[in-house]
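Data first, discussion second: the structure below is written as structure tokens.
Count residues from 1 along the sequence.
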Amino acid sequence: MSGKNNLSKTIRAIGSAISLLLLMALFSCRPSVRVASSDTVGDTLRLRYARNLQMIQYDGYMEAIVRNPWDTTHILRRYILLQGGECPKDFAREATLVTTPLRRAAVFTSVHCALLEELGCTDAIGGICELQYIHLPFVHRGVANGTIADLGNGMNPNVERIMQLQPDALLPTPFENSGGYGRMERIGIPIVECADYMEPSPLARAEWIRFYGRLFGRNAEADSLFQTIEQRYRSLCHQAETADHRPRMICEIPQSGYWYLPGGQSTMGQLYRDAGADYLFSDLPGAGSTSLSVERVLDRALTAEVWLMKHSGLLTREQVFRDYPALRHIPAQTWFCNIAENNYYEETPFHPERLLANIVHILHPELELEDVPTYFVPME
């Protein structure tokens, strides 16, 4: 019996390998396209904030250029978004051909799933990654009924499931020095890198809505949505500027002995500045976060008036102080965001005006803002 079982397993393994090879051969017919040079002139879409994205409209297709955010002298990816016309033959540069609108896409993050829901493109989401971190009901329903495939870990997705899904494109998040996408790059499916999170300001990231709208055939809806976001954000900035006082503010809580704080040039650093805060660590360099010792943070935090905390699950001041007793001396009023109970990460990247309204309301209650989202609430 043992010999028969081993033989059966071997036969199944060989069959799976043959199926995988056949699928790879099928998808290898979708290569990147190299196009030849010409004097064709297109209309460049005016982007007011985005620094790592350029879009040029031609007759029947669009060229989208994504700058490498970690080395801005180079291009990360160049795309030809084919919009019903013939494949262009008049460019002297290599590009990835993407036929739009996308009818079925593998969307790797909850942030982009939420945006596509708002644009009315949920039917185009064929697969997702990191299901455990997605709070969107339509995604969980889709996975449960089989209309959306669970592709597993976003850093190492299940390539066999991707190939069975046969998506029009993959939408992963790029990271510096990641080494590429491995097997995903060899199956011939266009990879559209979602580098929006590396933009230098909240509105710059939100402006990528216009790019995603063109991928899914929602040009007008995307442009209108961004215009609404921009107007509300700029209006809130103006209101915050009228406040008489800029409260001293800190954010986040220590983790494993370190305090990770956004730099002054990061999107959050700018949002705090736009909200009229005196962010006590605005001098931290870089567009990302910096890890500091608790002692170093405490040295400034003892003058803070407002403290914004985020955590997955309920948290009390006593729980924070139990792990770090010295934090009891921080006099700030504390505001808490339970990211397990709201859509903070799904909504705020492409709706910075919602988060800005919440923080302006916290810092400047005298402005009496209306229709304020409540990501952060007073801590118990």
[X] bridged to [Y] by N-O distance under 4.0 Å:
X	Y	value
Glu199	Arg48	no
Arg214	Asp223	yes
Glu318	Arg328	yes
Arg354	Glu347	yes
Arg77	Glu94	no
Arg234	Asp274	no

Any side-chain heavy atom of [X] within less than 4.5 Å of one from [Y]?
X	Y	value
Tyr375	Asn338	no
Leu53	Arg67	no
Ile187	Val159	yes

Determine whether a donor-acceptor pair (N or O, by modelled atom type, separation under 3.5 Å) exists between the side chain of [X] and the backbone of [Y].
X	Y	answer
Tyr345	Ile134	no
Asp168	Arg104	yes
Trp259	Cys251	yes

Taking the six-membered ring of Tyr197 as reference, does the NZ or CZ atom of Arg205 fall below 6.0 Å from its centre and within a 45° cone about the axis?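 Verdict for Tyr197: no cation-pi partner in Arg205.
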
Side-chain donor-acceptor pair under 3.5 Å between Asp71 and His74, yes or no?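 Checked: Asp71/His74 side chains pair up, N/O donor to acceptor below 3.5 Å.
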
